[in-house]
Amino acid sequence: MAETGEELVFELRDVHFSYRDHVALDGLSMSVQRGERLVLLGANGSGKSTLLKLLDGLIFPDRGSIHAFGRKLTAEALADEGLARSFRRRVGFVFQNSDAQLFSASVRDEVAFGPLHLGLEHREVERRVADTLHIMGLEHLADRPPYHLSGGEKKKVALASVLAINPEVLLLDEPTAGLDPKTVGFLERLLNQLAEAGKTVVTATQDLDLAAAIADRLLVLGEDHRRAGEGTPPEVLADRRLLLESNLVHDHPHRHDGREHRHPHSHLEDHGHRHRD
Ligand SMILES: Nc1ncnc2c1ncn2[C@@H]1O[C@H](COP(=O)(O)OP(=O)(O)O)[C@@H](O)[C@H]1O
Ligand SMILES: [Mg+2]
């Protein structure tokens, strides 16, 4: 029955997590299917980044449990070097802040770092680096230091460094925050292509347009750090009350023809920009 377990990439049961006395997740149960495109939607502070860190085994629940690939994910389990290595190879995390992820002297070295640590042969490393730079359109930046690049370029390098490991599961934290529309479009297409190729893609965002473009399923975290709603993008995005209560849209009064109306707006529709943390 190992195969049935393997259909679920993650399974969370009643997960609680607090930073000292500050609650970040308050009893979340959810699962992620293999090959699924799941978007975690929620306002600032709702617990999205905490959830991704839990899925990546960077932090562990105070209460409740997380299973990954059918095995319980705990600090003790990941203390086993073999298990940690296999987990890190299967799950890749793209941080919200690219500067926290980039440390190499050149883009090429950055992308080579993961494959080198997997212990791949030199030629295989070179092949992976070349392929990844090509897919990401980063060849012209290969010899540049990552810390001198623009925000969008850094984000692509961070993603490239994760893709070079060829993980089964990609966790992305607000991948489009602060990016220009062209780079956002590129990322949306790339994430969908990765999912088509069989990868599981879990993305945290508060951008409803991004959510609509890259999700099979949306899970909404409320400001109470609990599940506020869940469904397909059309279901969730049509639920204006859920979006209002979760602070993903806001409404304000307007006057049309001398009459006052109230109806919900997303920040994106209102102000024509994508907001950042
Ligand atoms: N390192 C931390 N120390 C204390 N509180 C934190 C820390 N990181 C996050 N929090 C708090 O936990 C809650 C969830 O945060 P986070 O997971 O970052 O939410 P999101 O990613 O949805 O904005 C917030 O109330 C936030 O202030
Ligand atoms: Mg966050």
Side-chain angles (χ1 to χ4, degrees), residues 10 12-30 32 37-66 68 73 75 91-102 151-152 154-155 158-159 162 169-179 183-184 187-188 191 201-215 217-231 233 236-237 239 242-250 266-268 273-277:
F10 295 111
L12 282 70
R13 290 192 206 123
D14 195 30
V15 167
H16 293 253
F17 184 89
S18 298
Y19 299 93
R20 293 194 192 85
D21 57 351
H22 208 107
V23 175
L25 281 180
D26 191 17
L28 183 68
S29 298
M30 62 172 277
V32 181
R37 298 177 302 157
L38 175 67
V39 163
L40 308 171
L41 265 181
N44 278 341
S46 57
K48 304 180 298 297
S49 296
T50 302
L51 177 51
L52 290 179
K53 287 177 203 165
L54 286 160
L55 297 180
D56 197 42
L58 297 175
I59 55 177
F60 301 93
D62 301 329
R63 255 166 65 201
S65 66
I66 301 182
L73 192 61
V91 180
F93 190 0
V94 182
F95 299 156
Q96 174 168 3
N97 175 8
S98 304
D99 286 322
Q101 192 146 17
L102 303 174
K154 282 181 187 171
K155 182 63 73 185
L159 186 50
V162 170
V169 180
L170 276 167
L171 307 173
L172 302 116
D173 200 354
E174 310 229 13
T176 58
L179 299 189
T183 311
V184 171
L187 273 178
E188 287 177 358
L191 295 180
V201 184
V202 181
T203 309
T205 187
Q206 45 188 298
D207 182 333
L208 301 182
D209 288 345
L210 176 69
I214 63 160
R217 182 163 66 103
L218 307 180
L219 187 131
V220 183
L221 287 176
E223 294 191 303
D224 58 357
H225 313 289
R226 302 171 68 90
R227 175 208 306 260
E230 188 185 353
V236 169
L237 298 175
D239 189 343
L242 168 65
L243 298 179
L244 269 171
E245 284 173 1
S246 311
N247 212 9
L248 287 160
V249 297
H250 60 112
S266 76
H267 289 265
L268 190 61
H273 66 226
R274 293 175 185 258
H275 38 157
R276 26 198 333 171
D277 257 2

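Everything numeric in this text was worked out from a predicted model, so none of it was measured. In listed order, ligands and their atoms are each counted from 1.
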Minimum side-chain heavy-atom gap Leu179-Lys155 below 4.5 Å: yes

Non-hydrogen side-chain atoms of Val236 and Leu243 separated by less than 4.5 Å: yes

Sub-4.0 Å atoms of ligand 1 with respect to non-hydrogen atoms of His22: 11 (C), 25 (O), 27 (O)

Test of proximity, Ser46 against ligand 1: N or O pairs below 3.5 Å: yes

Close side-chain approach of Leu25 to Leu51, heavy-atom, < 4.5 Å: yes

Residue pairs passing the salt bridge (Lys or Arg N to Asp or Glu O under 4.0 Å) test where at least one lies in residues 15-26, sequence neighbours excluded: Asp26-Arg226

Nearest candidate to atom 15 (O) of ligand 1, where distance is taken over non-hydrogen atoms, out of Thr50, Thr205, Leu40: Thr50

Ligand-residue contact atoms, ligand 1 with Ser49, heavy atoms, under 4.0 Å: 17 (O), 18 (O), 20 (P), 21 (O)

Gly45 N/O under 3.5 Å from ligand 1 N/O: yes

Asn44 neighbourhood, listing ligand 1 atoms whose heavy-atom distance to it stays under 4.0 Å: 23 (O)

Ligand 1-proximal atoms of Ala204, by part, heavy-atom distance under 4.0 Å: neither

Ligand 1 versus Lys48: contacting region, heavy-atom distance under 4.0 Å: both

Side chain proximity check, Asp173 to Leu171, heavy atoms < 4.5 angstrom: no

Where Ile59 and Leu54 come nearest, the two heavy atoms and their spacing: O-CD2, 3.5 Å

Minimum side-chain heavy-atom gap Phe17-His225 below 4.5 Å: no

Atom indices of ligand 1 within 4.0 angstrom of Gly47 heavy atoms, with elements: 14 (C), 16 (P), 17 (O), 19 (O), 20 (P), 22 (O)

Under 2.8 Å: N/O/S of Ser49 next to the Mg ion (ligand 2): yes

Note, Leu210 side chain near Val39 side chain (heavy atom, < 4.5 Å): no

Sub-4.0 Å heavy-atom approach of Gly42 to ligand 1: no

Those atoms of ligand 1 less than 4.0 Å from some heavy atom in Ala43: 22 (O)

